[in-house]
Number of protein chains: 2
Amino acid sequence: MPHRDRVEQTLTIGAVAERTGLAPSAIRFYEEKGLVRAARAASGHRQFDRATIRRLSFILIAQQLGYRLDEIKAQLDTLPGDAAPTVADWERLSVHFADDLDERIRRLTELRERLTGCIGCGCLSLEVCRLYNPDDAAARHGTGPRYLMGDRPDPQR
Amino acid sequence: MPHRDRVEQTLTIGAVAERTGLAPSAIRFYEEKGLVRAARAASGHRQFDRATIRRLSFILIAQQLGYRLDEIKAQLDTLPGDAAPTVADWERLSVHFADDLDERIRRLTELRERLTGCIGCGCLSLEVCRLYNPDDAAARHGTGPRYLMGDRPDPQR
DNA sequence: CCTTGACTTCAACCTTACTTGAGGTCGTAC
DNA sequence: GTACGACCTCAAGTAAGGTTGAAGTCAAGG
């Protein structure tokens, strides 16, 4: 089977991997978790819809923002399952991102101000210092091998 | 042994846990990893220095900022091991935080701007969209049980 | 005396997000 | 006809950051 499908209707996992920069194993993992779907060829090979690229892009961006896969799945599940998502659908999710970003920027700025107030005061202690803010739950970031998130060892592919 | 030590020179692990909000197991884990140190009583019990509270506060704040324990350890290792760290020592580390925060705020703001530009354009795809920025390696956050970072199930202790 | 509470160690387990490897299939190319 | 590359499944491994449980020690109180 050629790497670039003859009819560009569906994509093989290799083609999707190439376009997104993800490892095929990661894409299979996402399918298993229900974040993306794939039809199957008679051979058993996965056949991805072109819209899958967009879903995977969304996943990557959301991960970058610190969402866990189950949270991302919840977001994706609000997309219409039957038809291809419209621009308005993606816009809705993007606006959610934007709000989240605003909130995160606000929080970091606040922390920055607290830090400025604390530098040099020697109060670095939970008993008296407001620097530690455990409510920053939105700032969670993923775990696992990080070279899928920007510092992969092999820059090509 | 009473929970609150009669001579307030050293602290038991329970007292440190109470003051920091950390679980004793976490504190032992940090000791094992070399992030904090403890003398031992004849009984084998750990005896913590009061400065340990400050180290642990630092650890919590740094975790909140997304540093991994080994990175935090590297920072803490620049503190003088012999004498108690001075205000200037802590200030040095805090300034590092501040710089990091500035950088993170800058990056998020940039992402926010890219997002605004992308909302509605329907370009959410890695092939054409600049929204995905894999260089945000500083935004890594820890893993593990999150209820130590703000959403612990039991609000009292 | 013996129970209680706080501590000790050590090994095993947990979660998230994947990767890696073994073993097998498929279709085209030489 | 057989080698090659791309795909398949399934089980096991990895990393971080701890938690949990078992089994034992120690000092004080009743």
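The chains referred to below are lettered A, B, ... by the order of the sequence lines, with proteins before strands, and numbering in each begins at 1. All figures in this text were calculated on a predicted structure; none of them were measured in a lab.
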How close or far is atom [atom2] of [N] from atom [atom1] of [X], stated in whole angstroms?
X: B/Arg68; N: D/dG17; atom1: CZ; atom2: P; value: 7 Å
X: B/Gln47; N: C/dA6; atom1: CD; atom2: P; value: 18 Å
X: B/Ile27; N: D/dG17; atom1: CD1; atom2: C1'; value: 15 Å
X: A/Lys33; N: C/dA17; atom1: NZ; atom2: P; value: 8 Å
X: B/Phe29; N: D/dA16; atom1: CZ; atom2: C1'; value: 7 Å
X: A/Arg28; N: D/dC8; atom1: CZ; atom2: P; value: 5 Å
X: B/His45; N: D/dC26; atom1: NE2; atom2: C1'; value: 6 Å
X: A/Gln63; N: C/dA17; atom1: CD; atom2: P; value: 7 Å

May I ask you to test the A/Leu56-A/Val36 pair for a side-chain heavy-atom distance under 4.5 Å?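 With C-beta onward as the side chain, the pair touches.
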Shortest side-chain distance from B/Arg46, nucleotide among C/dT9, C/dC26, D/dC8: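 When the side chain of B/Arg46 is considered, C/dT9 is the closest of C/dT9, C/dC26, D/dC8.
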Among D/dT19, C/dC26, D/dC8, which nucleotide has an atom closest to any side-chain atom of A/Ile13?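 Nearest to the side chain of A/Ile13 among the choices is D/dC8.
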Ring pair (Phe, Tyr, Trp, His ring centres under 6.0 Å) between A/Phe97 and A/Phe58, intermediate numbers included: CA-CA 10 Å; A/Phe97 273 168; A/Phe58 179 85; 5.1 Å; yes
[X] side-chain N/O to [N] phosphate OP1/OP2 under 4.0 Å:
X: A/Ser43; N: C/dG27; answer: no
X: A/Arg40; N: C/dC26; answer: no
X: A/Ser25; N: C/dT19; answer: yes
X: B/Tyr30; N: D/dG17; answer: no

Are B/Asp77 and B/Lys73 ion-paired here, with the side-chain N under 4.0 Å from a carboxylate O?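 Salt bridge present between B/Asp77 and B/Lys73.
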Under 4.0 Å between a Lys/Arg side-chain N and an Asp/Glu carboxylate O for A/Arg37 and A/Glu32?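 No, no charged N to carboxylate O under 4.0 Å.
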Under the criterion side-chain contact (heavy atoms from CB on, under 4.5 Å), which of A/Leu60, A/Ile53, A/Ile59 is the partner of A/Ser57?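 Of A/Leu60, A/Ile53, A/Ile59, side-chain contact (heavy atoms from CB on, under 4.5 Å) with A/Ser57 is met by A/Ile53 alone.
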